[in-house]
Trainee: 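I have a structure I would like to understand better, so I am pasting it below and will then ask my questions one at a time.
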Amino acid sequence: MAKEFQKYIMHIDMDAFYASIEQRDNAEYKGKPVIIGGRTRGVVSTCSYEARKFGIHSAMPIHEAKRKCPQGIYILPRMKYYQEVSKMIFEILQNYSPLVEMASIDEAYLDITGLENLFGTPEQIAKKIQTEIFQKTNGLTASVGIAPIKFLAKIASDENKPHGLFILTKETMFDYLHNLNIQKIPGVGKKFVIELNKIGIKKCADVLNISKDFLEKKFGKAGIMLYERAEGIDEREVTPYTERKSESAETTLDENIIDKTILKKWLLIHAERVGMGLRKQNLKGRIITIKIKYADFKQITRQRTLEKRTNATDTIFENACYLLDEIPLIKPVRLIGVGVSGFEEIQQKQCSLLDYTTQTPKQELETKRNNLDLTLDTLRNKYGLKAVIRGKLFEQ
């Protein structure tokens, strides 16, 4: 009879990933507060542990971070470089388990169930991974959480940061859950916590003192999720690949803007980035979305569903402009973005003369736009992204 292994899911979380890379690559940054984000606007992407001592954290507005830590080193993110380092870490993780799920650029889940004979105990596997990451990335550290279920593995990885390790077993997880604060559960946001506190729920133990039916009636699916997490239920498996659901780009502007002419230039810049991203992945989308955040931080989104899926820059831009024109701007904008979703993979095919002669005027326009994009993509791949710039960006 085959041996039944206890389920173990590992969560790897790189420590202050972007900031740690900058400190590694710049000796003068070591031991100093490093903040990654926009220089004057935007929010903090991440920061070093030295910066966190000043009360700085991810998603904090840059101006507030500068008020708290004016002596900090503020750096614009080098996303392509960070992605290269992330890929290196992913390759390391794949050597330990066939089931690796990258949750973001700096965190991943591994299913390490039944790997004892290959790599040792869960603790030994974790330490081997931490050591290999440290050595192969020239000093970057990772914190590791291990648990029988996914959400507890994520929480556990935060227990002993940085470069820490925390393990929960089937025998210890329920005592841990009993005293766990609800705000630590992934998916339980600030507003949800406030509402739960109003009815006396602060820890998972409090959740189980209330009926599941009551929580469902009051909070819907979120109430069911909360009850199941408090019971130690999380049936999600480690999924090696999750189909991409959207492609988007956004910018926090250096100055608040109310002029739609200027905002449309940003829409074109973002449509270009999104279109190129879709074409590289051989994807087309049907839903065009624009995102606007006003100077008072109020955020809105607007969507438009097309008859046919597209990855043409001008089509994305045209529909984004339509959505912007539908919005009466009564206050300045600090952030603007464009997204495309509703994907399907497209099959490349050779076009014949018949294809062109049977097209409608709208289809002919889309074909011309696709051909233009193909030409521009080819030139940019050969000579660099700034080799060709659309004339609309120079129009007044």
Side-chain angles (χ1 to χ4, degrees), residues 79-80 243-251 253 257 259-292 300-329 333 335-396:
M79 289 309 302
K80 284 190 176 179
E243 185 177 352
R244 189 153 192 172
K245 295 181 180 179
S246 66
E247 181 82 15
S248 63
E250 63 183 47
T251 295
L253 307 167
I257 293 172
D259 185 342
K260 284 189 177 180
T261 302
I262 298 174
L263 292 174
K264 285 181 180 179
K265 288 188 176 181
W266 280 107
L267 290 179
L268 178 55
I269 290 169
H270 294 329
E272 191 87 84
R273 288 171 58 189
V274 169
M276 286 180 67
L278 292 175
R279 293 189 292 274
K280 282 183 179 179
Q281 299 170 80
N282 202 30
L283 292 173
K284 287 187 175 184
R286 178 174 285 162
I287 302 169
I288 311 296
T289 303
I290 68 167
K291 172 182 173 182
I292 284 176
I300 63 168
T301 59
R302 295 291 184 269
Q303 289 186 341
R304 192 177 197 201
T305 302
L306 309 182
E307 290 181 11
K308 300 281 186 180
R309 290 178 171 85
T310 187
N311 60 16
T313 293
D314 277 333
T315 303
I316 297 167
F317 170 61
E318 179 184 275
N319 285 279
C321 288
Y322 174 87
L323 291 168
L324 180 63
D325 286 335
E326 293 289 300
I327 301 172
L329 290 186
V333 172
L335 177 148
I336 188 163
V338 175
V340 176
S341 56
F343 293 153
E344 71 176 7
E345 189 169 353
I346 57 174
Q347 299 296 322
Q348 299 290 351
K349 67 173 185 176
Q350 297 292 326
C351 292
S352 67
L353 290 174
L354 183 63
D355 292 328
Y356 291 98
T357 56
T358 58
Q359 286 183 329
T360 65
K362 187 179 287 188
Q363 289 171 331
E364 286 179 2
L365 178 60
E366 186 77 359
T367 298
K368 287 179 181 178
R369 288 174 171 176
N370 288 333
N371 290 336
L372 173 61
D373 287 332
L374 178 60
T375 301
L376 294 179
D377 290 348
T378 302
L379 289 170
R380 287 171 178 148
N381 288 333
K382 188 173 182 179
Y383 299 110
L385 291 177
K386 295 182 180 179
V388 186
I389 298 174
R390 290 180 190 255
K392 291 176 186 175
L393 290 174
F394 298 104
E395 294 173 2
Q396 296 298 320

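Everything numeric here is computed off the predicted structure, so don't read it as measured data.
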Trainee: Identify the two heavy atoms, one from Asp259 and one from Thr261, that lie closest to each other, and give their separation to 0.1 Å.
Mentor: OD1-N, 2.8 Å
Trainee: Does any part of the side chain of Phe343, heavy atoms only, come nearer than 4.5 Å to the side chain of Leu278, both counted from C-beta?
Mentor: yes
Trainee: Heavy atoms only: give me the nearest Ile336-Trp266 pair and the separation to one decimal.
Mentor: CG2-CB, 3.7 Å
Trainee: Could you tell me whether a side-chain N or O of Thr310 sits under 3.5 Å from a main-chain N or O of Ala312, the two making a donor and an acceptor?
Mentor: yes
Trainee: Is the closest side-chain heavy-atom distance between Leu263 and Ile292 below 4.5 Å?
Mentor: no
Trainee: Are Glu250 and Leu335 packed together at the side-chain level, in the sense that at least one heavy-atom pair is separated by less than 4.5 angstrom?
Mentor: yes
Trainee: In Å and rounded to the nearest 0.5 Å, what is the CG to NZ distance from Leu372 to Lys368?
Mentor: 11.5 Å
Trainee: Please assess Leu253 against Ile262 for the test side-chain contact (heavy atoms from CB on, under 4.5 Å), listing each intermediate value before the final yes or no.
Mentor: CA-CA 11 Å; Leu253 307 167; Ile262 298 174; over 6 Å; no
Trainee: For the backbone of Leu283 and the side chain of Asn311, can you confirm whether one donor and one acceptor N or O come within less than 3.5 Å of each other?
Mentor: yes
Trainee: Strictly below 4.0 Å, N to O, side chains only: are Lys264 and Asp325 in salt-bridge contact?
Mentor: yes
Trainee: For Leu267, run the side chain to side chain contact (heavy atoms under 4.5 Å, CB included) check against Leu323, Ile316, Leu324, Asn319 and tell me which one passes.
Mentor: Leu324
Trainee: Minimum heavy-atom separation for Arg273 and Ala249, please, with both atom names.
Mentor: CZ-CB, 3.7 Å
Trainee: Once you round to the nearest 0.5 Å, how far does CD1 of Ile290 lie from SG of Cys321?
Mentor: 8.5 Å
Trainee: Of the non-hydrogen atoms in Glu247 and Gln281, which two are nearest, and what is the gap between them?
Mentor: OE1-NE2, 2.9 Å
Trainee: Is it true that Arg302 and Glu326 have a side-chain N and a carboxylate O under 4.0 angstrom from each other?
Mentor: no
Trainee: Once you round to the nearest 0.5 Å, how far does NZ of Lys291 lie from OG of Ser248?
Mentor: 7.5 Å
Trainee: Could you check whether any side-chain N or O of Arg304 sits under 3.5 Å from a backbone N or O of Ala320, counting only pairs where one atom can act as donor and the other as acceptor?
Mentor: no
Trainee: Over all heavy atoms of both residues, which pair between Thr315 and Arg369 is shortest? Give the atoms and the distance, please.
Mentor: OG1-NH1, 3.1 Å
Trainee: Flag the pair Arg279 / Thr313 as yes when at least one side-chain heavy-atom distance between them is below 4.5 Å, and no otherwise.
Mentor: yes
